[in-house]
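Note that this is a predicted model, so its numbers are computed, not measured. Atoms within a ligand are numbered from 1 in the order they appear, just like the ligands themselves.
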Amino acid sequence: MTGKTREEHAANLDLRHQDFNDNDFLYDVYEVMRRDTPFSHTDTPFLSATPGGAWVANRYAECYKILQDWEHFSSNPTPEASEQLVGDLVITLDPPRQQQFRKVLNPYFSPARMKALTPRIRDETDRLIDDFVDRGSGDLAQVAWRQPGIVFFKYLFGLPIEDVPLCTELTDTALNGDTEDARMAAWGGLYQHLHEAITARTTQPSQDDMIDVLLNTEIDGEKLQFGDIVGNAMLLVQAGLETTASAMSFAFHYLATHADERDRLIENPELLPRAIEEFLRYSGSIHGIPRTVTQHVELSGHTFCPGDSVIVNYASANRDGKQFPDPDRCILDRKSNRHLGFGAGVHRCLGSNLARLEFQIGVEQVLSRMPDFHLAADEDAVFHGNSVTRGFRCIPVTFTPGARSA
Ligand code: HEM
């Protein structure tokens, strides 16, 4: 810690600041931000280039309103940020075109597809647990960080499973690399890799997967530009892997350090769906995605001007005491939990059904195959926090050894 106070951080949030490797400290800063003002200002917006800085919405009520009002708070980036984009992405468009893009991808996340995927996700999770289950010790972060990529690439996306480690590493550096140069180089590397992999697909027979649908779909009678196809593939890799992985890593760490809660979930498995929602609220996978103001608009006494950038801080909103009683406690059977973990409004997470399924099965299999797991006494968990994707990179656990599944 550098000695900078909560108030100093709150006055100009820099999510990449080293102090935020302490997760509780970051949430203390959010508390100050919510207490003092509905919109604080940052000189260092963390996801898009906006030279004038950006406003940060911290409270639940304002975040929710902004997410519902796409006509004033557009997902189109600022002109400076647009320069860094490779094409039209579903997440950077507004309706009606954004809705047309969603229609293209939606069938891949349908309840029927998710139901069919359930046994496969269980098998893939079991295979990861098999890597260490008979040793009685292992790193649960390996399950959290590898399972979502394997499932997505193998059963939905349509690129080789061997690409997962490279794509995960490039995405990680692109979001969390130490310098802007490192981050930009990783974005370039990911673009290049996906460009080549998708180009290779153009000469192969059709398959039932997302790459195929992006290559062949028509919107308003026209096929997508190649840059849009690669850009949306990049978005899916970025949106689908690290978010789920980091949320799952929080849950594993929490259960490894709260034996009574772990046992409660084992004894009452019907609590699991609620617990997953609470983990999503509590762990805060996403700390902000920007909106660009399109026309003068007033919200909670603040007048926004066209061109202003506003970051919706879902993680802070999810700890707002006005919406969630006892917000800093992880209450596994929390009753009313309208969290913003998956956003709200027209851009609400497209992959939420998949994320929930991967997450729930991940927790179920760990609980059933190593029911007495707990944090290892001789090795520390590693948390990576001064970054956009925040989560545990190493969760060393010990448990009674179990049998491999195959
Ligand atoms: C725990 C895991 C996840 C979390 C916390 C999460 C969170 C979010 C949030 C907050 C948004 C809204 C963005 C906005 O308001 O601009 C979003 C959008 C999106 N998510 Fe997720 N997500 C997760 C998993 C996934 C997965 C597994 C996929 C797909 C493989 C996915 C694909 C998308 C896409 C494509 C969008 C853009 C939708 C649009 O703009 O209409 N997400 N996600």
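Between the side chains of D212 and Q207, no donor N or O sits under 3.5 Å from an acceptor N or O. With no hydrogens or angles considered, a side-chain donor-acceptor pair links R122 and Q365 at under 3.5 Å. Of the N and O atoms on the side chains of H41 and N12, not one donor lies less than 3.5 Å from an acceptor on the other residue. In summary, the side chains of T125 and Q147 do present a donor paired with an acceptor at a separation below 3.5 Å, with no hydrogens or angles considered. Checking Y64 against Q323 by side-chain atom types alone, no donor-acceptor pair falls below 3.5 Å.
Remark: distances from the non-hydrogen atoms of R291 to ligand 1 include one below 4.0 Å.
Under the side-chain contact (heavy atoms from CB on, under 4.5 Å) rule, F399 has a single partner from R369, R135, M370, which is M370. The side-chain contact (heavy atoms from CB on, under 4.5 Å) test with R319 is passed by exactly one of Y282, F324, Y60: Y282.
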Side-chain donor-acceptor contacts of residues 264-272 below 3.5 Å, not counting sequence neighbours, with atom names and distances?
unit_1, atom_1, unit_2, atom_2, d
R264, NE, E261, OE1, 3.4
R264, NH1, D333, OD2, 3.4
N268, ND2, R264, O, 3.0

Under 3.5 Å, which donor-acceptor pairs do the side chains of residues 136-143 form with other protein atoms, sequence neighbours left out?
unit_1, atom_1, unit_2, atom_2, d
D139, OD1, A141, N, 2.9
D139, OD1, I395, N, 2.7

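With T199 contributing its side chain and H195 its backbone, the two residues share a donor-acceptor pair below 3.5 Å.
For F101, no heavy-atom contact with ligand 1 is shorter than 4.0 Å. With a heavy-atom cut-off of 4.0 Å, F359 does not touch ligand 1 at all. When non-hydrogen atoms are compared, ligand 1 lies under 4.0 Å from neither the backbone nor the side chain of L105.
Between T244 and ligand 1, no pair of N/O atoms sits closer than 3.5 Å. Residue E358 has no N or O atom closer than 3.5 Å to an N or O atom of ligand 1.
Those atoms of ligand 1 that come under 4.0 Å of a heavy atom in L280, given as number and element, are 1 (C). Interface atoms of ligand 1 facing G341, defined by a heavy-atom separation under 4.0 Å, are 5 (C), 7 (C), 10 (C). Residue contact check: F152 has heavy atoms under 4.0 Å from atoms 30 (C) of ligand 1.
Considering only non-hydrogen protein atoms, atom 41 (O) of ligand 1 sits nearest to R102 NH1, 2.6 Å.
A search for salt bridge (charged side-chain N to carboxylate O under 4.0 Å, His left out) contacts involving D228 returns nothing, not counting sequence neighbours.
Considering only non-hydrogen atoms, atom 15 (O) of ligand 1 lies nearest to Y314 out of Y314, W70, F157. Taking all heavy atoms of I289, L156, V151 into account, the minimum distance to atom 13 (C) of ligand 1 is reached by I289. Checking E242, H347, Q99, H287 against atom 39 (C) of ligand 1, the nearest heavy atom belongs to H347.
Aromatic ring orientation, Y254 versus H258: parallel (interplanar angle below 30°, classes split at 30° and 60°).
Any protein N/O/S atom under 2.8 Å from atom 21 (Fe) of ligand 1 was counted, giving 1 altogether.
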